[in-house]
Amino acid sequence: MNLEEIAELEKRVLIPTYDRLPILAVGGEGCYVRDDRGREYLDFLGGIAVNALGYAHPEIMAVLRDEAETLLHVSNLLYHRYQGPLAEKLARLAGLDRAFFGNTGTEVTEGALKLARAYARQHHPAEPFERFEILALENSFHGRTLGALSATWPEKYRQPFEPLLPGVRFVRLHDVEHLRSCFTPRVAALLVETIQGEGGVVEIHEEFLKEAEALCRAHDALFIIDEIQCGLGRTGHLFAFTRFGLKPDVVLVAKPLAAGLPLAAIIASEKAAQAFSPGMHGSTFGGGPLQCRVALKFLEILERPGFLEHVRDVGGYFRQQLEMLQRELAIIREVRGQGLMVGAELSVPGKSVPRDALAAGVLMNCTQEKVLRFLPPLIVERQHVDELIRVLRPILATLPAGEKEGVPA
Ligand SMILES: *Cc1c(COP(=O)(O)O)cnc(C)c1O
């Protein structure tokens, strides 16, 4: 079937949740994905931060082939060789003690919310149970299942499914007074992305995060950091939070963890982890041998000398190139991000940009209407950045200038 036939079929048979770009992907190598006509696209979206090693990475493929012929799945009723070592490694990297494996970001967010409630009950056995509130930040994204969705900011995602989880409050970004006023003895946890991804690559300020951490400590609420998008090398550091010296109780990882396979983890301190006991939580597919073995290989590659340095170097070069473009074209309002998590906010809606870029052979994304978001494989080189900028310049130069600042589009 060709693209038109596939699109026609999907239109009839898929529950209508996605708006796809018109590409029929059939293969890929390195930073390029290939369509059915043999056309190659430079990928600056990376399967939404999943394909951190690009497509068909030879070492990942070798592990996959070997494990596929050995043991695909055994369930969590048995032991296998890879879950323990992976938990140990993730805990060490995050400065924590234990891990639980799920499959997706929203699943481990959900698990962390349950952990927060269990922790509150264990440590504050008040009657009636009141310590169940979750604090999240305005502009946040934590997932699509009902619990994680309750802590996700955009009204348009939440409103159709109300009523959601009771007791979720959104703290105004960088408003320390508001943050303080939200902390009461009812708060079980604060959930935060240190760099908001879907929210448009918004970096949360260090002072605000430090205050949030201190308030969690003072109130014995769990400090949960969502590193699902910004973690595991994306910023040129193993985790985005480490550059501020934060000490979370819980860290969530997912997207790139198994280099393209679904795998996610709750990484927790000993004290937080002890709120769960056998039977309280679980996941049929979570932490299978295939995913865990691939994840161990991914982390091994991530830890090789020079790997994260490369991310910081190319990321710095990328931001520099975007800033040069910004001086040239008034339409770019701000360039933001760390490492290879980069956003360029436009002064006009940018929804047409990904489609135009696609026609010129580049895959990218626009979020929050006006923020061009780039999440390329961490193996991109400066030459790929140059290729992207060459494509982007004429597209942005011909964007209609739009409304004046401050006037809604
Ligand atoms: C993508 C994302 C999630 C949800 O992950 P899924 O695997 O899509 O469920 C949660 N938090 C952040 C920060 C994300 O970027």
Side-chain angles (χ1 to χ4, degrees), residues 17-20 45-52 94 100-116 134-154 157-158 161 164-165 168 170 173 189-204 209 212 223-235 237 239-241 246 248 250-267 283 285-288 291 295 298 336-343 365-368 371 373-376 378:
T17 56
Y18 299 115
D19 208 4
R20 300 197 206 279
L45 182 53
I48 320 186
V50 168
N51 300 331
F100 169 88
F101 294 99
N103 301 282
T104 65
T106 201
E107 185 190 349
V108 291
T109 303
E110 213 67 31
L113 298 179
K114 283 175 70 179
L115 187 70
I134 302 293
L135 302 182
L137 265 51
E138 289 190 350
N139 204 44
S140 61
F141 183 90
H142 296 293
R144 304 282 200 163
T145 51
L146 283 170
L149 182 64
S150 303
T152 287
W153 168 249
Y157 293 159
R158 282 184 286 126
F161 308 105
L164 295 174
L165 213 58
V168 177
F170 291 99
L173 277 198
L190 178 129
L191 176 59
V192 60
E193 305 159 83
T194 62
I195 305 177
Q196 297 179 325
E198 305 300 310
V201 192
V202 176
E203 299 174 66
I204 308 303
L209 290 167
F223 183 41
I224 306 173
I225 296 189
D226 178 344
E227 291 261 337
I228 290 167
Q229 187 162 149
C230 62
L232 301 178
R234 175 59 49 191
T235 62
H237 302 274
F239 296 97
F241 73 83
L246 301 168
V250 176
V251 172
L252 306 176
V253 290
K255 288 186 166 94
L257 178 57
L261 296 178
L263 181 66
I266 303 173
I267 315 171
S283 174
F285 286 104
Q291 294 92 303
F298 170 63
R336 299 191 287 261
Q338 296 281 332
L340 287 168
M341 181 170 185
V342 176
N365 172 250
C366 177
T367 182
Q368 298 291 309
V371 184
R373 184 176 50 156
F374 305 98
L375 300 162
L378 305 181

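As the structure lists them, so they are numbered: ligands from 1, and atoms in each ligand from 1.
Looking at residues two or more places apart in sequence or on another chain, you find a side-chain contact (heavy atoms from CB on, under 4.5 Å) between Val50 and Lys255. With sequence neighbours excluded, the residues that form a ring pair (Phe, Tyr, Trp, His ring centres under 6.0 Å) with Phe100 are His281. Taking the ring pair (Phe, Tyr, Trp, His ring centres under 6.0 Å) definition, one finds that Phe374 meets it with Phe318, sequence neighbours left out.
Judged purely by distance below 3.5 Å, without hydrogens or angles, the side chains of Asn103 and Ser283 pair a donor atom with an acceptor atom.
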Kindly print each ligand 1 N/O atom paired with any protein N/O atom under 3.5 angstrom away, one pair per line, or none if nothing qualifies.
unit_1   : atom_1 : unit_2 : atom_2 : d
ligand 1 : 7 (O)  : Gly105 : N      : 2.8
ligand 1 : 9 (O)  : Gly105 : N      : 3.4
ligand 1 : 9 (O)  : Thr106 : N      : 2.8
ligand 1 : 11 (N) : Phe141 : O      : 3.3
ligand 1 : 11 (N) : Asp226 : OD2    : 2.8
ligand 1 : 15 (O) : Gln229 : NE2    : 2.8
ligand 1 : 15 (O) : Lys255 : NZ     : 2.6

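Proximity of a side-chain donor or acceptor of Glu227 to a complementary backbone N or O of Val251 within less than 3.5 Å is not detected.
Annotation: the span from Glu138 atom CD to Trp153 atom CH2 amounts to 4.0 Å, rounded to 0.5 Å.
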